[in-house]
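Shown next, in structure tokens, is the structure this report addresses.
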Amino acid sequence: MTQPETTRFAPSPTGGLHLGHAYSAWLARAAARSSGGRFLLRIEDIDTGRCRAEYAARIIDELQWLGLDWDGPVRYQSQHMATYRSELAALTARGLTYPCFCTRSEIADEIARMQSAPQGPEGPLYPGTCRRLDERTRASRLAAGTPHAIRLDIAACLRTLATAPDGFLETGRGPGGESGLIPLQPGTLGDIVLGRRDVGVSYHLAVVIDDHDQGVTLVTRGEDLFAATHVQRLLQAVLGFSAPRYRHHPLIRDASGRRLAKRDQAQTLAALRASGVSPAEVLERLRLNQ
Ligand code: GLU
């Protein structure tokens with residue numbers, strides 16, 4: 001017998017859902033239902049500049065229209081900011097983060113000056129400028145109230161762990177067909193931001209804390225987040241959390257092979273619904289995508 005899985009669908013309310021989101025929700029729910037487990041809905045609304053309560057309400061309405069019901073109350077990340085902040089403060093107290101005063105353009109200039117900037121899956125990584133700041137400069141900038149983000153110091157995390165995690169368990173397939181135990185490459189995304197300059201926390205921090213707090217056993221999500229799993233696994237280890245397993249799924253693409261995005265208005269659930277497509281027809285399209 002398979003163990004009961006706790007899965008989740010975790011959309012950001014920056015718009016309504018499109019077919020790609022529905023696919024993700026449908027897969028996560030199916031994994032929970034077929035194992036006798038739980039399917040959770042989490043609204044990832046820490047980005048107060050881009051997220052809107054009316055989009056969250058619309059997402060809920062669209063999931064209900066599709067019949068993709070979830071278990072328990074909806075979790076809103078915006079209601080847990082104090083938890084994220086206190087975990088971040090604890091990591092900082094352990095010397096596992098550093099303040100980063102760089103603006104986007106300063107980072108771009110620094111990368112342009114470098115002979116060989118470290119590369120990630122989506123381009124150059126943060127070159128670590130503020131990790132190398134001397135203590136006096138750092139302290140005086142902090143004392144002056146200079147705006148800053150908080151970055152995870154990957155090297156310090158690896159030093160603090162008696163043994164780094166081997167990797168993470170992929171039960172689906174990564175973008176390159178990877179499956180099974182994926183060896184940990186903690187620096188894949190570089191020293192990521194844990195505390196954004198504007199809202200004080202970040203996606204990576206919140207998602208790791210939430211998956212732990214909600215008892216998620218199987219993280220089902222698009223393969224675009226496969227690379228992020230490396231650093232999220234490292235964060236779980238330094239926070240003392242056990243690791244969920246992962247099932248990354250292919251993204252739904254348009255006729256020209258591009259992943260669906262907000263520009264693909266024809267593939268939004270709102271447009272499909274308005275044109276008379278039934279929930280059963282939408283679910284059938286998701287099934288065919290398998
Ligand atoms: N909120 C993220 C998104 O909408 C998903 C996060 C996750 O599944 O880990 O892309």
Side-chain angles (χ1 to χ4, degrees), residues 5-32 38-53 55-60 62-63 68 70 74-81 84 121-122 152 168-175 182 188-189 192-194 196 199 201-236 239 241 243-253 259-264 267-269:
E5 301 284 10
T6 299
T7 65
R8 54 31 167 215
F9 174 53
S12 303
T14 55
L17 300 179
H18 57 57
L19 266 187
H21 298 116
Y23 184 54
S24 212
W26 177 72
L27 282 178
R29 181 175 173 279
R38 286 163 57 77
F39 170 59
L40 309 177
L41 175 61
R42 181 165 81 221
I43 300 290
E44 302 212 322
D45 58 351
I46 56 172
D47 186 340
T48 43
R50 294 178 61 227
C51 297
R52 301 258 179 281
Y55 289 137
R58 184 168 145 192
I59 288 171
I60 286 172
E62 289 173 341
L63 289 173
L68 298 181
W70 57 91
V74 181
R75 178 170 170 121
Y76 291 85
Q77 288 190 325
S78 56
Q79 293 172 2
H80 298 270
M81 298 299 270
Y84 310 138
E122 279 160 22
L152 184 67
F168 61 89
L169 199 60
E170 175 61 57
T171 67
R173 290 202 177 279
I182 309 298
T188 302
L189 299 185
I192 49 146
V193 169
L194 285 190
R196 285 169 44 160
V199 292
V201 303
S202 77
Y203 155 68
H204 293 291
L205 179 70
V207 84
V208 162
I209 293 172
D210 284 346
D211 284 339
H212 172 73
D213 282 0
Q214 296 189 281
V216 171
T217 58
L218 179 67
V219 171
T220 305
R221 61 185 181 190
E223 65 183 16
D224 53 326
L225 287 165
F226 184 81
T229 308
H230 288 280
V231 73
Q232 292 179 9
R233 178 70 194 93
L234 182 72
L235 255 181
Q236 287 153 0
L239 289 167
F241 298 164
R245 291 172 303 119
Y246 290 84
R247 184 180 300 164
H248 291 95
H249 61 76
L251 302 176
I252 292 201
R253 299 188 180 270
R259 57 183 286 195
L260 287 188
K262 299 236 154 56
R263 61 174 178 269
D264 301 292
Q267 305 301 331
T268 62
L269 292 190

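The figures here come from the full heavy-atom set of this structure, side chains too, leaving out hydrogens, waters and symmetry mates. Read the numbers this way: they start at 1 and go in the same order the structure lists the ligands and their atoms.
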Quick check on contacts: which atoms of ligand 1 are under 4.0 angstrom from a heavy atom of [X]?
{"X": "R221", "value": "7 (C), 8 (O), 9 (O)"}
{"X": "V207", "value": "9 (O)"}
{"X": "Y203", "value": "6 (C), 7 (C), 9 (O)"}

Can you pull out every salt bridge (charged side-chain N to carboxylate O under 4.0 Å, His left out) where at least one residue sits in residues 15-29? Sequence neighbours excluded, please.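 Counting only pairs at least two positions apart or across chains, the salt bridge (charged side-chain N to carboxylate O under 4.0 Å, His left out) contacts touching residues 15-29 are R29-D69.
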Any salt bridge (charged side-chain N to carboxylate O under 4.0 Å, His left out) involving residues 5-28? Give me the pairs, sequence neighbours left out, ordered by first then second residue.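 Applying salt bridge (charged side-chain N to carboxylate O under 4.0 Å, His left out) to every pair that reaches into residues 5-28, excluding sequence neighbours, yields E5-R245, R8-D211.
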Would you please test Y203 and Q77 for side-chain hydrogen bond (donor to acceptor under 3.5 Å, both in side chains) and show each step? CA-CA 10 Å; Y203 155 68; Q77 288 190 325; over 6 Å; no
Considering heavy atoms of the protein only, find what lies nearest to [atom] and give residue, atom and distance to 0.1 Å.
{"atom": "atom 1 (N) of ligand 1", "result": "E44 OE1, 2.6 Å"}
{"atom": "atom 5 (C) of ligand 1", "result": "A10 O, 3.4 Å"}
{"atom": "atom 8 (O) of ligand 1", "result": "R8 NH1, 2.6 Å"}

For the side chain of H230 and the backbone of A227, is there at least one donor-acceptor N/O pair under 3.5 Å apart?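 Absent.
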Is it the side chain, the backbone, both or neither of L225 that has a heavy atom closer than 4.0 Å to ligand 1?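 Within the 4.0 Å criterion, L225 contacts ligand 1 through side-chain atoms alone.
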May I ask you to check whether S24 and H249 show a side-chain donor-acceptor distance below 3.5 Å?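 Judged by distance alone, the side chains do pair up.
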Does either side chain, that of R173 or that of H248, offer a donor lying less than 3.5 Å from an acceptor on the other one?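 Side chains of R173 and H248: no pair found under 3.5 Å.
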